S.K.: 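What follows is a structure written as structure tokens; I'll ask about it next.
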2 protein chains.
Amino acid sequence: MSHMGYARLMALDREHVLRSAAALLTRKSTATMDEVAKAAGISRATLHRHFAGRDALVRALEALGIAECEAALTRARLDDGSASDAVRRLVREIQPAAGLLAFLYGENQLWETEGDPGWSRIDARIGTVFVRGQQSGEFRIDLSPVWLTEALYGLIASCAWAAQDGRVAPKDFTHMIVELLLGGALRREEP
Amino acid sequence: MSHMGYARLMALDREHVLRSAAALLTRKSTATMDEVAKAAGISRATLHRHFAGRDALVRALEALGIAECEAALTRARLDDGSASDAVRRLVREIQPAAGLLAFLYGENQLWETEGDPGWSRIDARIGTVFVRGQQSGEFRIDLSPVWLTEALYGLIASCAWAAQDGRVAPKDFTHMIVELLLGGALRREEP
DNA sequence: CCCATGTGAGACATTCATGTCTCATTATAG
DNA sequence: CTATAATGAGACATGAATGTCTCACATGGG
């Protein structure tokens with residue numbers, strides 16, 4: 001059946017194109033459609049056949065980022081064990097998507113917040129673990145879950161960018177982020 | 001003397017234009033030269049008389065940001081007292097420039113690092129306070145000064161953006177950043 | 001073999017920000 | 001008042017990226 005074969009190949013191509021675009025745009029967020037096509041090893045015409053335009057491409061990347069976040073969230077099993085360990089697992093699981101996330105984080109600063117494509121759900125899931133940590137007494141309560149979530153995004157993006165420029169070592173990704181974030185969020189035991 | 005009067009007015013206008021541009025570009029980093037001109041209350045022609053082009057404007061904003069950083073660094077007297085207090089003073093002093101800094105931080109992600117316009121000196125000054133804190137035993141040593149500096153930038157930008165969108169309260173700026181950053185950088189006293 | 005489908009290459013029009021220019025008007029110093 | 005200089009308004013050309021289209025090629029199934 002040519003139709004099914006077609007659909008399957010398309011899906012694979014689409015996936016490959018998205019990965020390439022993510023890798024390129026992470027490094028150079030202003031890359032041209034032509035550059036994106038070249039990076040994916042296809043022509044600009046074919047790129048336009050997969051994604052109607054630049055907007056569609058970016059929105060597809062956003063959908064991919066959201067999907068990877070959701071998957072990382074699930075893999076991290078945020079409800080299990082201590083909140084600290086949950087956050088540590090989350091950062092570890094989210095690391096492979098950090099570059100894409102950093103790109104999207106930067107792009108979001110210049111989008112008018114239209115219909116929410118799914119970030120609010122992710123915000124909520126992450127926020128929940130901070131709330132749980134506060135309720136269990138693990139985390140200090142003078143830093144709001146919203147701010148902690150925001151700070152987590154910021155640290156992930158910062159670390160991804162710094163690693164991109166070789167200012168920090170990618171292998172320390174989880175350690176740097178978790179230790180800094182949790183060190184601030186974790187309530188200090190009284191001496 | 002028309003020449004001196006001219007020069008002085010120009011300087012004032014230039015300052016005003018830069019402030020307006022900073023405020024606008026902080027909110028909308030893709031704003032047009034025309035929008036920038038309107039925001040400053042001048043015509044596009046006059047804007048071009050002050051700044052040869054968009055690049056020149058952005059570079060002027062960068063110079064302004066660097067100058068404000070240097071000034072904040074000096075006012076914070078990073079060499080006095082404990083490193084923690086020094087960082088706290090720094091964040092407090094840098095808050096007025098946070099919006100501009102966030103804009104420049106975002107822009108820098110898509111610039112090829114040409115001739116350094118002055119950021120490395122600022123990096124060094126900030127890095128020094130973290131080194132001092134580590135040497136005095138105030139800060140943990142498993143987080144490098146480079147990463148701490150990077151994280152500070154990231155947190156400032158995150159907080160500025162979050163405040164812009166109303167997700168966090170601007171009045172808590174210093175508290176949120178310092179408590180999160182220092183909580184991670186400050187060595188925990190053993191129980 | 002033949003047909004259908006995906007693809008690459010390239011031409012083409014369009015849009016938009018930019019940069020440059022002119023000219024009339026305003027304001028300011030002398 | 002007069003001349004100098006800055007401004008605002010707008011026309012204009014330019015360049016870059018985008019989106020659309022056509023056509024030739026190749027690849028794979030029937």
Side-chain angles (χ1 to χ4, degrees), chain A residues 1-62 103 106-107 109-112 114, chain B residues 1-62 103 106-107 109-112 114:
Chain A
M1 269 180 270
S2 78
H3 177 60
M4 282 189 57
Y6 160 67
R8 249 185 280 135
L9 284 177
M10 282 302 90
L12 289 178
D13 276 12
R14 188 188 157 90
E15 189 72 15
H16 170 244
V17 171
L18 277 178
R19 295 290 169 186
S20 307
L24 174 60
L25 290 174
T26 293
R27 291 192 305 269
K28 188 185 178 195
S29 62
T30 58
T32 292
M33 289 294 276
D34 200 81
E35 296 175 283
V36 172
K38 278 194 177 60
I42 62 176
S43 71
R44 197 163 67 94
T46 302
L47 178 59
H48 269 80
R49 286 183 188 109
H50 288 313
F51 304 96
R54 197 176 215 288
D55 289 352
L57 175 62
V58 174
R59 267 186 282 113
L61 281 173
E62 187 177 34
F103 162 68
E107 289 290 298
Q109 301 314 327
L110 49 87
W111 289 355
E112 12 265 61
E114 314 131 22
Chain B
M1 270 178 274
S2 80
H3 179 59
M4 283 189 56
Y6 160 65
R8 248 183 281 134
L9 283 177
M10 282 301 90
L12 288 178
D13 275 13
R14 187 185 158 92
E15 188 73 14
H16 169 245
V17 171
L18 278 178
R19 296 291 170 186
S20 306
L24 174 59
L25 289 174
T26 293
R27 292 192 304 269
K28 188 185 178 192
S29 61
T30 57
T32 292
M33 289 294 274
D34 201 81
E35 296 175 282
V36 172
K38 278 193 177 61
I42 62 177
S43 71
R44 197 163 67 94
T46 302
L47 178 59
H48 269 81
R49 288 183 187 109
H50 287 314
F51 304 97
R54 194 175 217 288
D55 289 352
L57 175 63
V58 174
R59 268 187 282 113
L61 281 172
E62 187 176 35
F103 161 68
E107 290 289 297
Q109 301 312 327
L110 49 87
W111 289 356
E112 13 265 62
E114 312 132 25

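None of the values given here were measured: they were computed from a predicted structure. Every chain is numbered from 1, with letters handed out A, B, ... down the list of sequences.
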S.K.: Does a side-chain heavy-atom distance below 4.5 Å link A:Phe51 with A:Arg14?
M.R.: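 Answer yes - side chains close enough.
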S.K.: Can a donor-acceptor pair be found, under 3.5 Å and without considering hydrogens, that links the side chain of A:Ser43 to the backbone of A:Thr46?
M.R.: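 Flag set: sc A:Ser43 to bb A:Thr46 pair under 3.5 Å.
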S.K.: Across the strands shown, which category fits B:Arg49 at heavy-atom distances under 4.0 angstrom: base, sugar-phosphate, nothing?
M.R.: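 Result for B:Arg49 = base.
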S.K.: Using whole Å, report how far CE of A:Met33 lies from P of D:dT20.
M.R.: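 Taking atom P of D:dT20 as the reference, CE of A:Met33 is at 10 Å.
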S.K.: Measure from CZ on A:Arg54 to P on D:dG19 and round the result to the nearest Å.
M.R.: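 Taking atom P of D:dG19 as the reference, CZ of A:Arg54 is at 9 Å.
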S.K.: Could you state the atom-to-atom distance from CG of A:Asp55 to C1' of D:dA17 in whole Å?
M.R.: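 Spelled out: CG on A:Asp55 to C1' on D:dA17 is 13 Å.
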S.K.: Calculate the interatomic distance between B:Asp34 atom CG and D:dG10 atom C1'; express it in whole Å.
M.R.: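 After rounding, the reported distance stands at 11 Å.
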S.K.: Strictly below 4.0 Å, heavy-atom distances to any atom of DNA chain D: list the hits from residues 38-48 of chain B, or just say none.
M.R.: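 Within residues 38-48 of chain B, the residues near DNA chain D are B:Gly41, B:Ile42, B:Ser43, B:Arg44, B:Ala45, B:Thr46.
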S.K.: Side chains of B:Lys38 and B:Asp34: closer than 4.5 Å at any heavy-atom pair?
M.R.: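 They are in contact (side-chain heavy atoms under 4.5 Å apart), so the answer is yes.
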S.K.: Which heavy atom of B:Ala56 sits nearest a heavy atom of B:Ala52, and at what distance?
M.R.: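 Answer, listing the atom of B:Ala56 first, then B:Ala52: CB-N, 3.8 Å.
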S.K.: Round to the nearest Å and state the distance from B:Asp13 atom CG to D:dT7 atom C1'.
M.R.: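 It works out to 10 Å between those atoms.
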S.K.: Is there a side-chain contact between A:Leu25 and A:Glu107 (heavy atoms, below 4.5 Å)?
M.R.: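 Of all side-chain heavy-atom pairs linking A:Glu107 with A:Leu25, none is under 4.5 Å.
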S.K.: Could you tell me which non-hydrogen atom of A:Leu61 sits nearest to which non-hydrogen atom of A:Leu18, and how far apart they are?
M.R.: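 Where A:Leu61 meets A:Leu18 most closely, the heavy atoms are CD2-O, 3.5 Å.
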